[in-house]
Structures are given as C-alpha cells and as structure tokens.
Amino acid sequence: MGSLLQVRNLTIRYQVDGAEPHHAVNDVSFDLVSGEVVGLMGESGCGKSSTALALLGLFAKQRAEVAGSIVLCGQELLGMKEAELQKIRGSKISLVFQEPGIALSPMMRAGDQVAEVIHAHRQWSWKRCRAEAETILARVGLGSAARVFSAYPHQLSGGQQQRVVLAQALCCEPSLLVADEPTASLDARSQAGFLALLRGIRSEFGISILLISHSPELQASVADRLLVMKNGRIIEEGSFEGLYENPLHEYTRMMLRRPYGVKNESRVEADAVLQGNSFDE
Ligand code: ADP
Ligand code: MG
C-alpha cells in the first residue's frame, strides 16, 4: 500500500492580539498509508484540532502561521491557493467534526445538503446528485433513507445528524477522512452505532482515516496505529496494544486506561427525548 499523506515538521502558531504567538503544534511529523486508520490522542488543548484544520487548509493567514509540509496524494497542500484547496476538500480529504448541528444548515433538507456537496464537485445534473445522495445516506446506515432525505436537521437525532455529515464527507469518495472527536457529542447508544459504522466504512470504502478521539474504546476497535500528542508534539506512537502494555510515558498510560463512556447526564437525557421524536436509527 502506498503512502497517502506525509506530514513533515508541521508547526502552527496562532496570532493572538497583544500577546506572544502561541505555538499550538510543534514540529509534528507523521505518515498515513492508503487504507490505514491512524488514531490521534491527547489531552484537551494539545493541538489535535489545529492539526486537523491544517490538513484541510482551513487557516486564514492572519489567524495562524502554518509551517512545514503536508503532502496528500503527492501534492503539497501548504501554500496552495484557496480555489485549489476547495477542489481538494471533499474530493480528496474530508472533515467530520464534533458537532453535527454546526456542520449542517438548519434550513435545508438533509438529502439536499448531501446532494449539494456532490453537485459542487461533479458535473452532474441536480437530479442525479440527489439520487446519489440517497444512495450514500443508505450506505451510512440511514435505513429509511427516503424519510431522512427530506427531513430537516432538527427532525433528526444527534446520531442521525452525524451520519448525514459523514455522508457529506464520503459522497465524493475522498482518500482521507479526518474525524475530529466524531462521537463526542453523541449519547452512548449513538456512539456505539457510530463506532460500528466507522469500522464498516473503512472496509467498504477502503478509505484512510485520521481519527481524533479521546475514547480508548473507539481507538482500540478502529485504529491500526496511534499517535500520542502532548503540548503540540507527538511524544510516542504504536499499536493500541503495544502502547497499552508498554507505554513510554505515564501520560499515555493514563489516557489509554481511562474509563470510557463518561457522559454528561443532561446531554444523554436530551438525546433520549430527541430520539423519541425522530426516526429509527
Ligand atoms: P485540541 O483539539 O487538542 O483540544 P486545539 O488544537 O484546539 O487542541 O488547541 C491547541 C492550542 O491552541 C490550545 O492551547 C488552544 O487554546 C490554542 N488555540 C486553538 N485555537 C486557537 C485560536 N483560534 N486562537 C488562539 N489559540 C488557539
Ligand atoms: Mg479539539
């Protein structure tokens, strides 16, 4: 399997008014080969989301200084023009992040939101884009896809919304999916469902995934290899089992052994109410 992504000496400094620039990511290098799922773990604020945003070229120059090299499918992404990046986002690399509610437009039906992404990348008729969107929704486990297709986001549960976002991310068959805490806003049941879905997707779509997640359970069952990040640096890497048995750092040991599934009760309740209101998952 060939190398898909090479990140070299990635350094990200945020420009903060009236303060010293803040080094969020420091000299980070890693590779990802085709079909591989790499997990990225580390405490809050260590630089995981900044790394994800840099991969998608989502930093405005005035906000952050990004240095190093990010080569995806043989193409250098750093310094690429916005118009070119827009062609690559969605078609070669996609992002799913924590809050599906933010990623989706509240005013547009779910299916049309997926069709719109396809329409932006393919020279297809709107009708064909909608038909393709329906197929993709079914592939991400939205079984009664025809109903989900015409639903507005508020009519869907958190888990279903996240699947619609995933459908958007996958609909143009990117080589790399970056998932930044994709299950963090979901209740326990939806988390388990999404975990199973990610496993299915990697085998069905043959896609590579950079999976950012705090959850040892998710990482253990999906990631082939883990990168452990602390204070903007990758401090160790290896298989989940290897790091679990023989971590170099206490930090890693604590992270991998942390109990999974600690949820904010009110959030779980809110989701339970929503589920009563929504379609079957
Ligand atoms: P993580 O995703 O691991 O929680 P982030 O990449 O979000 O970490 O943040 C890394 C560091 O960069 C943190 O110290 C955070 O406070 C800082 N940071 C993140 N976004 C910004 C921003 N827009 N402006 C200034 N500092 C930021
Ligand atoms: Mg983050």
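Just follow the structure's listing: the first ligand is 1, and inside any ligand the first atom is 1.
Atom CD1 of Ile12 is separated from atom CG of Asp27 by 12.0 Å, given to the nearest 0.5 angstrom. Remark: His119 NE2 to Arg130 CZ distance equals 11.5 Å, nearest 0.5 Å. The line from CD of Gln162 to CD of Gln98 is 9.0 Å long, rounded to the nearest 0.5 Å.
Of all protein heavy atoms, the one lying nearest to atom 15 (C) of ligand 1 is His22 NE2, 4.4 Å.
Taking backbone and side-chain atoms together, Gln98 has no N/O/S atom less than 2.8 Å away from the Mg ion (ligand 2).
Cation-pi contact between Arg163 and Phe194: absent, since separation from the ring centre below 6.0 Å together with deviation from the ring axis within 45° is not met.
Not a single heavy atom of Gln15 sits closer than 4.0 Å to an atom of ligand 1.
Taking only nitrogen or oxygen atoms, main chain and side chain alike, Gly45 reaches within less than 3.5 Å of ligand 1. Of the N or O atoms in Thr51, none lie within a sub-3.5 Å distance of an N or O in ligand 1. An N or O contact shorter than 3.5 Å is missing between Ala24 and ligand 1 by distance.
The only member of Arg225, Arg8, Gln6 that meets side-chain hydrogen bond (donor to acceptor under 3.5 Å, both in side chains) when paired with Asp31 is Arg8.
At a heavy-atom distance under 4.0 Å, no atom of Met229 approaches ligand 1.
Counting protein heavy atoms under 4.0 angstrom from atom 26 (N) of ligand 1 gives one or more.
When the heavy atoms of Ser44, Ala60, Ser50, Ser49 are ranked by distance to atom 9 (O) of ligand 1, first place goes to Ser50.
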